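Below is one structure, written out as structure tokens; comments come after it.
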Amino acid sequence: MPHHALEITLTRPLSPAALHRAARLLPLAAKTPRRALRRLRHRLGTRLPIDVITTHYPDADHHVLLNVAFPSAVHAALTAQARRAAQTPERFVELALHRALAEHAYQETDRLDRAVRQLLAHTSPGYLLSAVGQALTRLPESPTP
């Protein structure tokens, strides 16, 4: 049976005793990442202040799955907006997240383009490329997009 690594983010304080009680409920093996997320939420959600659970590695479709616990008012608003868009709440949030990530990528690319153009106003493309290559070889770890 395959195992799926999950990551839990606790966003509120937790006592050591509460963490110990929750840890006794493991393991949570499931056949799919989605089931693993749901099972973890079901088994630990009442014992730990869990807001977000994610799969640690991408699934077969190269997606990292999220299981988010929204406050009831937020959930109701999302459900209403999803209904107006003729989508499930899950699909509505997924598409909104994709749009936000695409907008972030566009803004980051635009910011870098402006910075490179400003640098090119004061040097040649060859010198800039050489300097960028030299800087990249000195980084301990490059950020990933």
Side-chain angles (χ1 to χ4, degrees), residues 1-122 125 128-129 131-145:
M1 175 184 302
H3 288 76
H4 308 284
L6 303 176
E7 182 172 315
I8 300 170
T9 302
L10 299 177
T11 58
R12 292 179 297 277
L14 182 67
S15 72
L19 182 59
H20 178 72
R21 283 191 304 274
R24 288 188 314 208
L25 297 174
L26 302 175
L28 298 165
K31 293 184 184 229
T32 68
R34 285 187 195 283
R35 284 188 182 157
L37 289 171
R38 278 192 222 109
R39 183 173 289 168
L40 181 64
R41 168 84 54 204
H42 177 74
R43 304 243 338 245
L44 293 179
T46 59
R47 292 176 169 83
L48 297 175
I50 300 171
D51 292 323
V52 178
I53 305 171
T54 66
T55 53
H56 196 69
Y57 303 104
D59 66 6
D61 296 321
H62 308 287
H63 296 132
V64 173
L65 303 179
L66 297 174
N67 182 291
V68 182
F70 291 112
S72 58
V74 172
H75 188 268
L78 283 172
T79 300
Q81 290 178 357
R83 193 175 307 120
R84 285 192 291 276
Q87 298 169 345
T88 65
E90 292 81 9
R91 182 70 176 152
F92 183 81
V93 170
E94 178 184 357
L95 292 174
L97 183 58
H98 281 277
R99 283 191 302 272
L101 290 171
E103 178 62 24
H104 173 74
Y106 171 79
Q107 289 175 358
E108 182 66 2
T109 300
D110 187 54
R111 181 187 70 78
L112 291 171
D113 182 58
R114 284 184 273 117
V116 167
R117 288 180 188 278
Q118 186 171 358
L119 289 168
L120 285 171
H122 303 287
L128 179 59
L129 186 59
V132 168
Q134 190 174 25
L136 290 175
T137 60
R138 292 183 182 156
L139 291 177
E141 184 178 317
S142 299
T144 57

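Basis for what follows: all heavy atoms, side chains included, without hydrogens, waters or symmetry-related copies. These numbers come from a predicted model, not from an experiment.
- Partners of R111 according to the salt bridge (Lys or Arg N to Asp or Glu O under 4.0 Å) rule, which considers only residues two or more places apart in sequence or in another chain, are E108.
- Legend: residues meeting side chain to side chain contact (heavy atoms under 4.5 Å, CB included) with T79, ordered by chain and number and at least two apart, are H75, R83, P89.
- Evaluation of the side-chain hydrogen bond (donor to acceptor under 3.5 Å, both in side chains) rule for Q107 yields E103 as partners, not counting sequence neighbours.
- Nearest approach of N67 to R41, heavy atoms of both residues: OD1-NE, 2.6 Å.
- In this structure, Q118 has no side-chain hydrogen bond (donor to acceptor under 3.5 Å, both in side chains) partners at least two apart in sequence or on a different chain.
- Under the side chain to side chain contact (heavy atoms under 4.5 Å, CB included) criterion, A77 pairs with no residue at all, not counting sequence neighbours.
- Under the rule for a salt bridge (Lys or Arg N to Asp or Glu O under 4.0 Å), E90 has no partner lying at least two apart in sequence or in another chain.
- Tested against V93 for a side-chain contact (heavy atoms from CB on, under 4.5 Å), the candidates V68, L78, T88 yield a single pass: L78.
- Taking each heavy atom of L66 and V52 in turn, the nearest pair found is CD2-CG1, 4.3 Å.
- A distance of 13.0 Å separates CZ in R39 from CD1 in I53, rounded to the nearest 0.5 Å.
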